[in-house]
Structure formats: structure tokens, C-alpha cells
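No experiment lies behind these values; they were computed from the predicted model shown.
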Amino acid sequence: MSRPRSPRLSTGQRVACVVTALVIVASLGGYGWYQGLVGNITTAQVDTDEWDRPTNVEGVMNLLVIGSDVRSGENADYGEAEGERPDTMLIAGINVDEGAVTLVNLPRDLVVDLPGCEAVEGYEGMAPQQGMINSAMTFGGVGCQWKVVEQVTGVHLDHFLMMDFTGFKDMVDALGGVQMCIPEPVEDPKAQLELDAGLQTLDGEDSLGFVRSRYAQGDGSDLSRIDRQQEFMGAMLREVLSSEVMTNPITITDFLGAVTDSITTDDDLTVDIMTDIVISMREVDLDRVGFVTVPNGAHPDDENRIMMSEPRASELFDAINAGADVFGGEDGDGSEEETEDGAADPSEISVEIVNNTGVDGLALEIQAVLVREGYVVTGTGNPELRVPEATTVYHGPGAEAAAELLAGSLENAVTEEAEGLEQTLELVAGTDWNGFSGSSSADTDLSITDDLDGVTAEGEPENAC
């Protein structure tokens, strides 16, 4: 993994604070001063109409959570860094109907294909290129970073949240600290951290050092540090939801004050929207708050970088975007139900999706469902050769069974043989597109704990304490 000159605070704990705030506010009920606290939040304008976006799903809200890497003002004590960059980022997928939150880490060392971004005030813009996922903000601001995450993951982002170092410390101190198990003594001058082994309550400064520390713990990689950050997030949530905190108006006031003083959001994230979220999350259970890092592996061209592992990464993002329940999946061996002899198997069928509806982002939405059904999606796009008004599954000679299987999963679709198609079906969604028949876009067998090495906030992990 790469070794930066000075360690920086990851966004991991910042999103914990934000989600924690949403949960705790849900229990406040009659505390009218909440409205005033939200007025402290700084807002920024992002024009999301500038790019083609994934389709949003009703009942699902996805937040992009960014950790500000700015080192000015009160944050100057934590080293020097030019500009403002995310250290790491998270997608917080909130399913308001199911009362579940999934937090997906996007490591800073993740290399992806970056789309281009136009220059805006204060930023020079960037051409399409391959690079680290967090580099977009340096060249195009938060709007460019938003665009990159949406187009790389296929997840529709409703809002963003950004926080700095000092705000994190204030939040922890407002709670009276967070109890953590430290299996071995830690001494990390770069993170300004020195801890004895054992169960202990970390104050804001020590908590900041703990989540920043990299080389003095684990294997020194950023992925190892993310694991510790997820452990800390779970501990913080348990602290916030404890009866001691929930029944103490002074603690709640101090905590929410630290939250609202420290975050920047898009200007569309209104008080009404925040209130809707927290009301829907009133009964959230810790076993339905999950933490997971996007599936990844070593980059073949750079041992200090990583890349997304497919198809697991796409499966995870598709599930998040669709609001699928990733807490109750099957064993995750990827096996499909047995088919009758000679019957077509979705895992052996390749499909290209063509959008002829005029609805932006529909092809990505269809792709999400088909991937979860086991189909191999080879690409998406707009019509070129075939532009039927009726939704049609085109197939080559001998592929009638595969085409019929796919068409049968759609509410209204016909099949037709077409020249030039040999190994791949072509699904053209026409103007009569009416979705999938008898299938739910929120069905998945993917489990973040069984399949993706994720964890929940339900209980403390096994440790030496």
C-alpha cells in the first residue's frame, strides 16, 4: 500500500457521527431545539444535472460521506497537505422502509476510470483518466467527486456530507468518550497516539489518533486501518444508543451541536429531509447497521494501489442502489437454483441492454436487476441498429430458449431473431417498458457478513480484552 508523508483522518468515523446523529435525533421527539441546531450546518451547491445519473429508488436514500483533508484553521495541528481531498469516502445506504443502514468504504488507494469534469470556480477541472477515486475533488470540487462516485459505482447519491478533524474530536468529547478494547500497546508519533493495552475510554484526541493511526497497528495498510475504523464506528453507535446518553439532554445537545457545527452538506439536504430520515430510523437495530469495504484486490500495475473485484463489487453496489436487504442473504456461495435438463441458465446468458425509453439511467437500473438474477451484462447504451417501440429481446440462431427466459422475466417483452448476434442477447427497452414481472428490485442473496467480510454494529468483535 502507498505510504503518505503524514497520516490523515479517514471519513470512517465521520459517517459514524452523522448516522449516529440521525439515530439519536429520532429519539428526541419533543426537543424543539433540534430545528435550531440544524441551522448551524454549512451548505454547498452541487449541480447534479450536469451528468447522466443512475436511477433512484423510492424508499432508499444514499449519502456520499466525505472527509475533508483541509489543514487550515483549527485543523492545522494535524500536518500539512495542499488543497482539499477526501482521505477515504463512504456511501451510506439508508433503507427507510426496512430500517437498515449499510456503510460502504471506498478506500483512497482504489484506482478507477475517472470521468472528466469541467472547470468550476476554484478548480481547474480534469480530463477522463485512470486514477485514485479520491483525486476528483482536488481537480473539480465536491461536484466532481459526486459525479465520479456515481458513475464508477452506479449508485444514485441523494446528498453528500463532509466533516473535518476538529469536529470529530468534539463529537467524541461530547459523548464523554468511546469505550474501546486496545489488544496491544500502541505508539504512533505520526498519529500523535500513545495507548496502553486494555479496555479503556478514548477521549476525542485519542480517538482521532486511533482512527488515523496506520503503520503502528495491523499490517500498516489502509485496508487494515479501515477495519479499525469500522470497529470504532460500531463502538460509537453503541455508546450513542446507550441509555446513559439517550436520557441525558445535555449530552445530546452537546453532541448534536458538535455535529451541526462540523458538517457541510449540499443545499438540498433540508431540515425536512433530515427529519424524514430520522423518523423512519426510529426503531433501527444495531444488527441492521452494517460496515463493509468494497470488494477489492491488488492492482496489477501498481502494488501500492488496489482495484475493485468483480463481480462482487458490482453486486454490492447494485444491491445498495436498489435498497436490497443485504443483512438476510443466503450463504452466499453464488449458486443458482437447479434448472431442468436443457433449460437455459441465467449465469450462461450474456445480455447487452439498450435504452430506447428516453428515461435517463434506466439501463443501469435494468442491469442491477439482471446481475442479481445471475445474467452476465456485457454493456449498456442507446439504440443504434434496432429501435423498436415494443420492448424486445433480440437473439441469434439457436438462442431462442435464452431469449424466452429473459423475456419471461419482463412484464411485457417479445423475442425476435436478429443477424449479427451470436453469443449475446440484446434487450431493447422500448417506450412500452413496464418493468419486471413478479420480481422485486430489492431481492438479493448477497450478505455483507457472509459474502463480503462485513460486520454489523450489534456487538463488540472478538478481542483480547
Side-chain angles (χ1 to χ4, degrees), residues 15 19 53-65 90-106 149-150 152-159 230 277 280-281 283-296 308-337 346-347 351 353 361-377 380 406 409-411 435-458:
V15 74
V19 175
R53 309 186 62 199
T55 302
N56 61 322
V57 176
E58 185 177 357
V60 177
M61 179 170 290
N62 298 313
L63 309 178
L64 173 63
V65 185
L90 289 160
I91 295 175
I94 303 173
N95 190 324
V96 296
D97 291 335
E98 300 294 334
V101 179
T102 306
L103 307 168
V104 184
N105 279 84
L106 302 175
V149 174
E150 278 203 342
V152 166
T153 66
V155 174
H156 180 96
L157 302 172
D158 298 278
H159 303 286
Q230 292 173 347
I277 295 174
S280 68
M281 297 299 294
E283 301 298 328
V284 66
D285 293 325
L286 289 176
D287 63 352
R288 293 184 64 75
V289 178
F291 310 104
V292 63
T293 303
V294 60
N296 64 84
M308 291 192 291
S309 297
E310 297 295 355
R312 278 303 193 208
S314 291
E315 291 171 352
L316 173 61
F317 290 134
D318 291 342
I320 295 298
N321 196 54
D325 185 353
V326 294
F327 296 94
E330 301 299 326
D331 291 339
D333 60 3
S335 61
E336 300 290 333
E337 295 183 3
S347 66
V351 184
I353 303 169
L362 180 62
L364 291 175
E365 184 178 353
I366 297 172
Q367 176 184 3
V369 178
L370 292 184
V371 168
R372 285 194 300 275
E373 293 296 323
Y375 290 92
V376 178
V377 177
T380 61
L406 176 57
S409 69
L410 306 177
E411 191 65 42
F436 290 80
S437 60
S439 66
S440 170
S441 63
D443 289 339
T444 183
D445 289 333
L446 188 68
S447 167
I448 64 169
T449 53
D450 295 338
D451 302 332
L452 303 174
D453 295 324
V455 297
T456 71
E458 182 179 20

Engineer: What's the shortest heavy-atom distance between Gly290 and Ile448, and which atoms?
Structural biologist: CA-CD1, 3.7 Å
Engineer: Would you indicate whether the side-chain heavy atoms of His156 and Leu364 approach each other to under 4.5 Å?
Structural biologist: no
Engineer: Heavy atoms only: give me the nearest Gln367-Asp318 pair and the separation to one decimal.
Structural biologist: O-OD2, 4.4 Å
Engineer: Does any non-hydrogen side-chain atom of Leu406 lie less than 4.5 Å from one of Leu370?
Structural biologist: yes
Engineer: Hey, what do you get for CD1 (Ile353) to OH (Tyr375), rounding to the nearest 0.5 Å?
Structural biologist: 11.0 Å
Engineer: Restricting to side chain to side chain contact (heavy atoms under 4.5 Å, CB included), what partner residues turn up for Asp287, sequence neighbours left out?
Structural biologist: Asp285, Glu458
Engineer: Who are the side chain to side chain contact (heavy atoms under 4.5 Å, CB included) partners of Thr449, not counting sequence neighbours?
Structural biologist: Ser447, Thr456
Engineer: Can you list everything that forms a side chain to side chain donor-acceptor pair (under 3.5 Å) with Thr153? Sequence neighbours excluded, please.
Structural biologist: none
Engineer: If you compare all heavy atoms of Thr102 against all heavy atoms of Val292, which two are closest, and at what distance to 0.1 Å?
Structural biologist: CG2-CG1, 4.3 Å
Engineer: Report the residues that fulfil side chain to side chain donor-acceptor pair (under 3.5 Å) with Glu315, sequence neighbours left out, ordered by chain and then residue number.
Structural biologist: Arg312
Engineer: Once you round to the nearest 0.5 Å, how far does CD of Glu150 lie from CG of Leu157?
Structural biologist: 4.5 Å
Engineer: Does the side chain of Pro54 come within less than 4.5 Å of Val155's, by heavy atoms?
Structural biologist: no
Engineer: Any heavy-atom pair between the side chains of Leu106 and Ile91 that's under 4.5 Å?
Structural biologist: yes
Engineer: Under the side chain to side chain donor-acceptor pair (under 3.5 Å) rule, collect the residues that match up with Thr380, sequence neighbours excluded.
Structural biologist: none
Engineer: Against Leu316, only a single residue in Leu446, Asp451, Thr293, Asn321 fulfils side-chain contact (heavy atoms from CB on, under 4.5 Å); can you say which?
Structural biologist: Leu446
Engineer: With a 4.5 Å limit on heavy-atom distance, are the side chains of Phe317 and Val294 in contact?
Structural biologist: yes
Engineer: Looking at every non-hydrogen atom in both residues, tell me the closest pair between Gly93 and Asn62 and how far apart they are.
Structural biologist: CA-OD1, 3.3 Å
Engineer: Where do Val326 and Ala319 come nearest, in terms of heavy atoms and distance?
Structural biologist: CG1-CB, 3.9 Å
Engineer: Between Leu103 and Leu90, what is the shortest heavy-atom contact and its length?
Structural biologist: C-CD2, 4.4 Å
